[in-house]
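To keep things clear, I will list the structure first and then write my remarks on it.
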Amino acid sequence: SESEGEEDEKDKGKLKPNGGNGADLPNYRWTQSLSEVDLLVPFDVQFRMKGKDVVVDVQRRHLKVGLKGHPPVIDAELYNEVKVEESSWLIEDGKVVTVHLEKINKMEWWSKIITTDPELNTKKICPENSKLSDLDGETRSMVEKMMYDQRQKSMGLPTSDEQKKQDILKK
């Protein structure tokens with residue numbers, strides 16, 4: 001079908017998701033599930049970083065991560081809102097700052113972590129990686145339906161709702 005060709009054109013420049021449904025970018029990498037985002041920012045430092053050496057500022061719609069006294073690696077608007085009180089960060093191996101963000105909208109794949117990032121092709125996300133089993137039954141069936149609908153749509157087929165409508169019409 002022709003619409004599919006057009007869709008792929010739009011997606012051509014987009015990044016392919018990494019194994020964690022996020023992106024590997026030059027200065028950091030991030031992964032996500034439907035409900036949360038994890039960001040890893042490695043710093044090329046000759047010493048073991050401690051909390052006081054870094055600047056991490058998580059706001060509802062803005063994220064800043066950097067080394068004190070240096071320009072921040074990230075200082076930009078987030079793709080979408082996060083729950084500040086449920087987000088956290090820590091330093092791994094004295095070299096890597098990991099930031100854990102809780103999404104407010106837990107039904108959405110982010111196509112980028114901050115608005116200045118290159119866009120991720122969210123159609124290529126394998127939601128199976130996000131441990132569907134962790135979700136309760138209702139959420140899970142909703143997510144599975146969403147995934148099914150997305151697949152159907154990407155193949156130019158009717159979504160489950162459209163199929164229902166067609167079945168009713170047939171009767």
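Sequential numbering from 1 along the given sequence is applied to the chain's residues.
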Practice task
Show your working on side-chain contact (heavy atoms from CB on, under 4.5 Å) between Ile114 and Ile74 and close with a plain yes or no.
Solution key: CA-CA 8 Å; Ile114 46 174; Ile74 294 177; 3.8 Å; yes
Exercise for the section: Hey, could you give me the NZ/CD distance between Lys14 and Glu119, rounded to the nearest 0.5 Å? Expected result: 4.5 Å
Problem - More than 12 heavy atoms of other groups within 6.0 Å of Lys16 NZ - result: no
Handout entry: Nearest-0.5 Å distance, OG of residue Ser35 to CD1 of residue Ile104
Key = 13.0 Å
Exercise for the section: Look at atom NZ of Lys50 and say whether more than 12 heavy atoms of other residues, nucleotides or ligands are closer to it than 6.0 Å. Expected result: no
Problem - Main-chain N/O of Trp110 paired with Gln32 side-chain donor or acceptor, under 3.5 Å - result: yes
Handout entry: Shared hydrophobic cluster for Leu101 and Val54 (ILVMFWY, side-chain gaps under 4.5 Å)
Key = yes
Handout entry: Which atom of Val65 lies closest to which atom of Phe43, heavy atoms considered
Key = CG1-CZ, 4.3 Å
Problem - Asn18 and Arg29: CA distance, side-chain angles, deciding distance, side-chain contact (heavy atoms from CB on, under 4.5 Å) verdict - result: CA-CA 9 Å; Asn18 60 21; Arg29 69 184 293 258; 3.5 Å; yes
Practice task
Is it possible for you to say whether Leu39 and Leu34 belong to one hydrophobic cluster, with membership spreading through side-chain heavy-atom contacts below 4.5 Å?
Solution key: no
Handout entry: Lys95 side chain vs Asp44 backbone, donor-acceptor pair below 3.5 Å
Key = no
Practice task
Please tell me if the side chains of Pro118 and Leu25 come closer than 4.5 Å, counting only heavy atoms from C-beta onward.
Solution key: yes
Exercise for the section: Rounded to the nearest 0.5 Å, what's the gap from NZ on Lys123 to CD1 on Ile125? Could you check? Expected result: 11.5 Å
Practice task
Determine whether the side chains of Gln59 and Asp57 contain a donor N or O and an acceptor N or O closer than 3.5 Å.
Solution key: yes
Completion exercise
Here the pair of heavy atoms bringing Lys124 nearest to Pro17 is CB-CD, 3.6 Å
Problem - Closest approach of Tyr79 to Ser111 (non-hydrogen atoms, all atoms of both residues) - result: CE1-OG, 3.4 Å
Practice task
Please indicate whether Lys64 has more than 12 foreign heavy atoms, meaning atoms of other residues, nucleotides or ligands, lying under 6.0 Å from its NZ.
Solution key: no
Problem - Hphob cluster co-occupancy, Met107 + Trp109, side-chain heavy atoms under 4.5 angstrom - result: yes
Exercise for the section: Could you check His62 against Asp75 for side-chain contact (heavy atoms from CB on, under 4.5 Å), going step by step and ending with a plain yes or no? Expected result: CA-CA 7 Å; His62 192 272; Asp75 185 3; 2.7 Å; yes
Exercise for the section: Could you tell me whether a side-chain N or O of Asp53 sits under 3.5 Å from a main-chain N or O of Leu67, the two making a donor and an acceptor? Expected result: no
Problem - Ala23 versus Leu15, closest heavy-atom pair with distance - result: CB-CD1, 3.9 Å
Problem - Nearest atoms (heavy-atom pairs only) where Ile91 meets Gly51 - result: CD1-N, 3.5 Å
Handout entry: Shared hydrophobic cluster, Val58 / Val73 (ILVMFWY, side-chain heavy atoms < 4.5 Å)
Key = yes
Practice task
Output, in order, the C-alpha distance, side-chain angles, deciding distance and verdict of side-chain contact (heavy atoms from CB on, under 4.5 Å) for Trp30 and Asp24.
Solution key: CA-CA 7 Å; Trp30 61 281; Asp24 294 323; over 6 Å; no
Problem - pair Val97-Met49: side-chain heavy atoms closer than 4.5 Å - result: yes
Exercise for the section: Kindly work out whether a path of hydrophobic side-chain contacts (I/L/V/M/F/W/Y, heavy atoms less than 4.5 Å apart) joins Leu78 to Val56. Expected result: yes
Practice task
Taking the side chain as every heavy atom from C-beta outward, state whether Lys83 and Lys106 have any atom pair closer than 4.5 Å.
Solution key: yes
Problem - Val45 versus Gly94, closest heavy-atom pair with distance - result: CG2-O, 4.1 Å
Handout entry: Among Arg60, Glu108, Lys112, Lys103, the one residue meeting side chain to side chain donor-acceptor pair (under 3.5 Å) with Asn80
Key = Glu108
